[in-house]
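Let me begin by presenting the structure, written as structure tokens, before commenting on it.
Just so it is clear: chains get the letters A, B, ... in the order the sequence lines come, proteins before strands, and each one is counted from 1. Please read all numbers here as calculations on a predicted model, not as lab measurements.
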There are 2 protein chains.
Amino acid sequence: MFSKTCEYGIRAVIYISAKGSQESKIGIPDIGKNIEAPVQFTAKILQTLVHNDIVSSQKGVNGGFYLNKQQKQKQLIEVVRAIDGDKMFSGCGLGLKSCSEKEPCPLHDKFKAIRSSLKKMMEQTTIDEMSKTLKIGRVLLRIEQFVKHEE
Amino acid sequence: MFSKTCEYGIRAVIYISAKGSQESKIGIPDIGKNIEAPVQFTAKILQTLVHNDIVSSQKGVNGGFYLNKQQKQKQLIEVVRAIDGDKMFSGCGLGLKSCSEKEPCPLHDKFKAIRSSLKKMMEQTTIDEMSKTLKIGRVLLRIEQFVKHEE
DNA sequence: TCAATAAAGGATAAAAACATCTTTTATTGT
DNA sequence: ACAATAAAAGATGTTTTTATCCTTTATTGA
Ligand code: FES
Ligand code: FES
């Protein structure tokens, strides 16, 4: 469905949103470990997300990643668009160069319905919403249990 | 959504079903040209589909590919399974090693609904059905118009 | 002020996907 | 029989995706 890069990106964003804040930023090793993704590769993906104003970052001592209020309210589709582009939400299911009503592929009518539900779903889901289910421990971002913060 | 290999595979199968028959088999150059796919690569994909009893083939003079009656009735999901496997229909949307109700990812509830519609759609759609819309010229498998057979 | 820290950036490497080329095998019309 | 044909099979090449390594830049607490 999404590229591996995009999957890591979404997981990272949800984790950062759940665990980080402007006061307590999250470092790449922490992120990589908790979303079970290659650390350096995750760093690259986060660069892209910072460029696209989906994640905030700060260099230096006590630096790291976090999401500001506006960023937490972003839709998941924006994360996908920043990494994989729009292909999944507008491209042809059989790989034709373009998807159109005028020159549709055999699967067009049935496929566009699915594609449209997927798009709607990714638009209706915010990062914040996902991070909340993670916080209360209902869901996981890796096989082993999410490491609960001691407080 | 599907791999390029799978897209070519589905297009090829629909084309062969529409244009070929046991009496008049279709050759790889014809297929490659009409579905706008690399010829030799398409040959490889068809090998896989023959092994999986989705397409029939015959070597030698007047040989080529065709679909028998049972094969025409197969569901599109079988083509996808033969090439891409089952990942798209059972894997986690965020790339976790497994998708389960017991240890779901944050997107699980929403994602499984989409995935399930996609699966149902690919199960309810037969190769024959797709090839019929191609035959009557309502749809295309490539940018340029499908070459109508002279009869 | 400066050493420690952590992200940013650039270069490189490994793996997978996509694609092509060449040889072999089976089939058939003559 | 056999030459022509077309898929099967195996080897190889290219491109894209995924992943790692190393250097640079910005920040900050002591
Ligand atoms: S043309 Fe193929 S999905 Fe629209
Ligand atoms: S666990 Fe992620 S979709 Fe089911």
**Message:** What is the separation between atom NZ on B:K4 and atom C1' on D:dT17, rounded to the nearest whole Å?
**Reply:** 14 Å
**Request:** With sequence neighbours excluded, tell me which residues meet side chain to side chain donor-acceptor pair (under 3.5 Å) with A:E101.
**Result:** A:H108, A:K112
**Request:** Can you label the angle between the B:F41 ring and the B:Y8 ring as parallel, tilted or perpendicular, going by 30° and 60°?
**Result:** perpendicular
**Message:** Less than 4.5 Å apart, side chain to side chain, heavy atoms only: is that true for B:P106 and A:L141?
**Reply:** yes
**Message:** Quick one, A:R11 and A:E36 - any side-chain contact, counting heavy atoms below 4.5 Å?
**Reply:** yes
**Asked** Among the nucleotides D:dA19, D:dA9, D:dA8, which one has an atom lying closest to any side-chain atom of A:F41?
**Response** D:dA19
**Complete:** Between CZ of A:F2 and P of D:dT18 the distance, given in whole Å, is 14 Å
**Request:** Give one of base, sugar-phosphate or nothing for A:K25, where a contact means two heavy atoms less than 4.0 Å apart.
**Result:** nothing
**Message:** Rounded to whole Å, how long is the line connecting atom OH of B:Y66 with atom C1' of D:dA6?
**Reply:** 14 Å
**Request:** For B:Q47 and D:dA6, give me the distance from atom CD to atom P, rounded to whole Å.
**Result:** 17 Å
**Request:** Let me know the distance between CD1 of A:I45 and P of D:dT17, rounded to the nearest Å.
**Result:** 13 Å
**Item:** B:K44 side chain near B:Q40 side chain, heavy-atom distance below 4.5 Å
**Value:** no
**Side-chain N,O (B:H51) to OP1/OP2 (D:dA9) below 4.0 Å** = yes
**Asked** Does the side chain of B:Q124 reach to within under 4.5 Å of the side chain of B:K120, using non-hydrogen atoms?
**Response** yes
**Complete:** Computed from five pairs at either end and rounded to 10 degrees, the angle between the axes of the helix from C:dT1-D:dA30 to C:dT30-D:dA1 is 0°
**Message:** From the set D:dA7, D:dA11, D:dT27, return the single nucleotide nearest to any side-chain atom of B:K59.
**Reply:** D:dA7
**Message:** Counting C-beta onward and ignoring hydrogens, is there a side-chain heavy-atom pair between B:L140 and B:L134 closer than 4.5 Å?
**Reply:** no
**Complete:** Footprint ends on DNA chain C, 5' to 3', for atoms under 4.0 angstrom from a heavy atom of chain B, come out as C:dC18 to C:dG29
**Request:** Please determine if a side-chain N or O atom of B:S57 lies less than 4.0 Å away from the OP1 or OP2 oxygen of D:dA6.
**Result:** no
**Prompt:** Mind checking whether B:Q75 and B:E78 have side chains closer than 4.5 Å, heavy atoms only?
**Reply:** yes
**Residue whose nearest DNA chain C nucleotide is more 5′ - A:K44 or A:N62** = A:N62
**Asked** So what does A:I26 hit on the nucleic acid, given a heavy-atom distance under 4.0 Å: a base, only sugar-phosphate, or nothing?
**Response** sugar-phosphate
**Prompt:** A:L46 near the nucleic acid: base, sugar-phosphate alone, or nothing, with a heavy-atom cut-off under 4.0 Å?
**Reply:** nothing
**Prompt:** Does a side-chain heavy-atom distance below 4.5 Å link A:D30 with A:K19?
**Reply:** yes
**Message:** Taking A:K110 first and then B:E129, would you say they form a salt bridge - that is, a charged N and a carboxylate O separated by under 4.0 Å?
**Reply:** yes
**Complete:** Side-chain contact check for A:Q40: nearest option of D:dT20, D:dT18, D:dT27 is D:dT20
**Request:** Determine whether any donor atom in the side chain of B:Q58 lies under 3.5 Å from an acceptor atom in the base of D:dA7, or the reverse, and answer yes or no.
**Result:** no
